[in-house]
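Heads up, the thing below is written out as structure tokens.
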Amino acid sequence: GYNAAAAAVVFLLSLCVHLAVAWAIGQHTQQISDFGNALELSRGDFPLTETPDHYRIFSNWGIYPLYLKLIQELFGYGAFTAIVLNALICAVSSMLIYILCRLGFQDERVGFLGALIYTFWPSHLLYSVILSPEFLNIFLTLLFMVLLEMLIGRYHKRSVYGMTCLAAVVLSLAGFFKQIDKIILIASGIMFVILILQKKFLICKKTFLILALFAGCYILSGKLIYAGLDYAYGETVNRNPAMHFIYIGLNPETYGVWSDEVFHVYPQNVKDCNYDFKQASDLTFTRLKEEIAEKKHLQFPYFAEKFRTAWADNSEIWWVDVTLRDDSAFLKKTHWLDQMSIFTQNFWMVICILICAEAVFLFVNPRERYMYMWLILFGFACLLTLSEVQSRYKCVVYPVLSILAADGIVKLLKLLKNVFFSLQQTGKRLY
């Protein structure tokens with residue numbers, strides 16, 4: 001179990017921090033690009049017959065305007081309503097990080113530190129004033145991981161079946177806000193095999209029933225959500241826009257970075273194929289193969305540039321700069337953003353050092369639950385090598401990085417304590 005009072009403290013602290021950011025920055029923010037389009041679309045009536053092609057073609061954005069519409073119908077229209085909901089979602093995510101570490105790793109210290117790192121992550125705090133589906137994906141992914149830990153703990157109880165169905169639905173829904181659910185699924189499968197090899201799970205009828213139940217609920221919930229999107233938009237939406245992101249990510253010209261030219265290749269193919277999405281994917285794939293064969297560019301320097309683009313810049317600061325309105329003279333001061341950019345880069349450096357330390361400790365004494373975190377991170381890195389790169393996409397792995405960095409801190413402090421104790425004992429003997 002976990003300490004409910006401690007979880008509540010984590011939630012309230014995170015909520016206060018995010019609400020402060022919403023008040024100081026969010027109310028001066030204008031939603032642009034995809035974020036503004038989603039907000040505008042959420043004000044329409046069902047079915048959304050005036051929907052731009054963008055939302056039919058890129059179904060990974062399809063459900064988010066419906067979410068915005070729901071919360072604004074309930075709590076009032078305006079971007080600030082959704083920004084406040086972002087603060088609430090981030091606070092719940094911080095609490096889930098604490099619960100996950102407490103349940104899965106039996107370490108309250110890692111849970112507290114991981115939740116604090118995620119709560120005070122500078123670029124994530126600034127990004128929380130943008131209306132983007134990543135926050136919902138983070139919340140649902142963490143919820144799935146908590147449910148998975150509870151499922152493992154209740155394997156021998158009847159409630160395991162209901163937990164399995166709920167976990168499958170949550171993971172399927174998470175994939176509609178950011179299509180990285182397959183990474184989580186593969187990592188979970190590898191961990192499941194490890195648990196079976198360690199005889200923590202048994203190969204028996206119950207195990208196969210759990211797996212079949214999970215697969216059935218995962219697939220069925222996905223189909224039902226797509227059917228709902230078809231109704232909401234009045235047309236059949238794309239079931240698999242992956243080829244669009246693969247084309248952008250592997251074309252020879254842009255190193256996996258969005259550009260107006262490469263962005264319109266897949267949508268134009270969809271229109272040319274009369275919205276036959278499979279045919280459009282095949283056509284895009286054929287073009288990509290021809291470009292790769294002609295340029296012969298899929299070598300290490302290409303992928304190194306993709307990673308540099310994704311991880312080395314600070315575009316979260318850029319989003320704040322371009323979306324802040326002029327009615328906030330203090331926040332628009334250049335020195336404020338420059339200082340925040342430097343602070344964010346230093347924060348990243350510290351996190352990287354702590355994660356490297358964690359990797360060394362795990363190499364010496366591996367623990368399967370922490371290796372699960374590394375599997376997710378490795379899967380995300382693999383995804384970045386194949387698909388479109390935008391630096392803001394990396395925020396979906398902030399919780400994983402927070403947990404790994406937190407455990408790195410705990411391990412380092414323990415090591416320093418042992419070293420200090422050894423030196424103290426040696427000094428006493430010499431004395």
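Just so it is clear, the model here is predicted, and its values are computed rather than measured. No hydrogens, no waters, no symmetry mates; every other heavy atom, side chains included, goes into these values. Nothing fancy with the numbering, it's 1 onward along the sequence.
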For the pair [X] and [Y], name the ring-plane relationship: parallel under 30°, tilted 30 to 60°, perpendicular over 60°.
X    : Y    : value
Y266 : H244 : tilted
Y398 : W348 : perpendicular
Y67  : F177 : perpendicular

When you measure from the side chain of [X] to the backbone N and O of [Y], does any donor-acceptor pair fall under 3.5 Å?
X    : Y    : value
Q179 : F176 : no
N37  : S33  : yes
K306 : S387 : yes
S14  : V10  : no
N86  : S128 : yes
Q31  : V129 : yes
Q27  : A22  : no
T164 : V160 : yes
S59  : G62  : no
D107 : C101 : no

Start with the C-alpha distance between L229 and L66, add both sets of side-chain angles, then the distance that settles side-chain contact (heavy atoms from CB on, under 4.5 Å), and finish with yes or no.
CA-CA 9 Å; L229 288 176; L66 307 181; 3.7 Å; yes
With a 4.5 Å heavy-atom cut-off, do [X] and [Y] have their side chains touching?
X    : Y    : result
V396 : T141 : no
R239 : K223 : no
L354 : L404 : no
L386 : L383 : no
F75  : V84  : no
M145 : I99  : no
L116 : W121 : no
F144 : S188 : yes

Inter-residue atom distance [X].[atom1] - [Y].[atom2], 0.5 Å rounding:
X    : Y    : atom1 : atom2 : answer
N137 : I184 : CG    : CD1   : 7.5 Å
D407 : S402 : CG    : OG    : 12.5 Å
L171 : L166 : CG    : CG    : 11.5 Å
D282 : M243 : CG    : CE    : 8.0 Å
N269 : R287 : CG    : CZ    : 7.0 Å
I130 : I25  : CD1   : CD1   : 10.0 Å

Please give me the minimum heavy-atom distance between [X] and [Y], naming the atom from each residue.
X    : Y    : value
E358 : G408 : OE1-N, 3.5 Å
I97  : L142 : CG1-CD1, 3.8 Å
A310 : K394 : O-NZ, 3.1 Å
Y161 : L213 : O-CD2, 3.6 Å
A381 : F307 : O-CZ, 3.4 Å
F277 : T236 : CE1-O, 3.7 Å

Between [X] and [Y], does any side-chain donor sit less than 3.5 Å from a side-chain acceptor?
X    : Y    : result
Y218 : D181 : yes
T119 : S94  : yes
S259 : E253 : no
E388 : Y247 : no
Y127 : S132 : yes

Test side-chain contact (heavy atoms from CB on, under 4.5 Å) on N240 and K278; report intermediate values, then the result.
CA-CA 8 Å; N240 186 14; K278 185 179 184 309; over 6 Å; no
Would you verify whether the NZ or CZ of R56 falls within 45 degrees of the ring axis of Y275 while also being under 6.0 Å from that six-membered ring's centre?
yes
Between F135 and H124, is the ring centroid distance below 6.0 Å?
yes
Before we go on, tell me: are the rings of W61 and Y64 under 6.0 Å apart, centre to centre?
yes
Can you establish whether the number of heavy atoms outside K414 located under 6.0 Å from its atom NZ is more than 12?
no
Atom CH2 of W23 with >12 non-hydrogen neighbours under 6.0 angstrom
no
Test D230 against E235 for side-chain contact (heavy atoms from CB on, under 4.5 Å), laying out the working first.
CA-CA 5 Å; D230 290 343; E235 299 283 354; over 6 Å; no
Residue pairs involving residues 125-143 (criterion salt bridge (Lys or Arg N to Asp or Glu O under 4.0 Å); sequence neighbours excluded)
E134-K178, E134-R392
Only pairs at least two apart or in different chains count here, so list each salt bridge (Lys or Arg N to Asp or Glu O under 4.0 Å) that has a residue in residues 70-85.
K69-E73
Before giving the answer on side-chain contact (heavy atoms from CB on, under 4.5 Å), spell out for L147 and V170 the whole-Å C-alpha distance, their side-chain angles and the decisive distance to 0.1 Å.
CA-CA 9 Å; L147 289 171; V170 167; 4.0 Å; yes
Residues pairing under ring-ring contact (aromatic ring centres under 6.0 Å, His included) where one sits in residues 370-394, two or more places apart or in two chains, turn out to be F105-Y370
Applying the side chain to side chain contact (heavy atoms under 4.5 Å, CB included) criterion to Q268, which one of D272, V270, V265 satisfies it?
D272
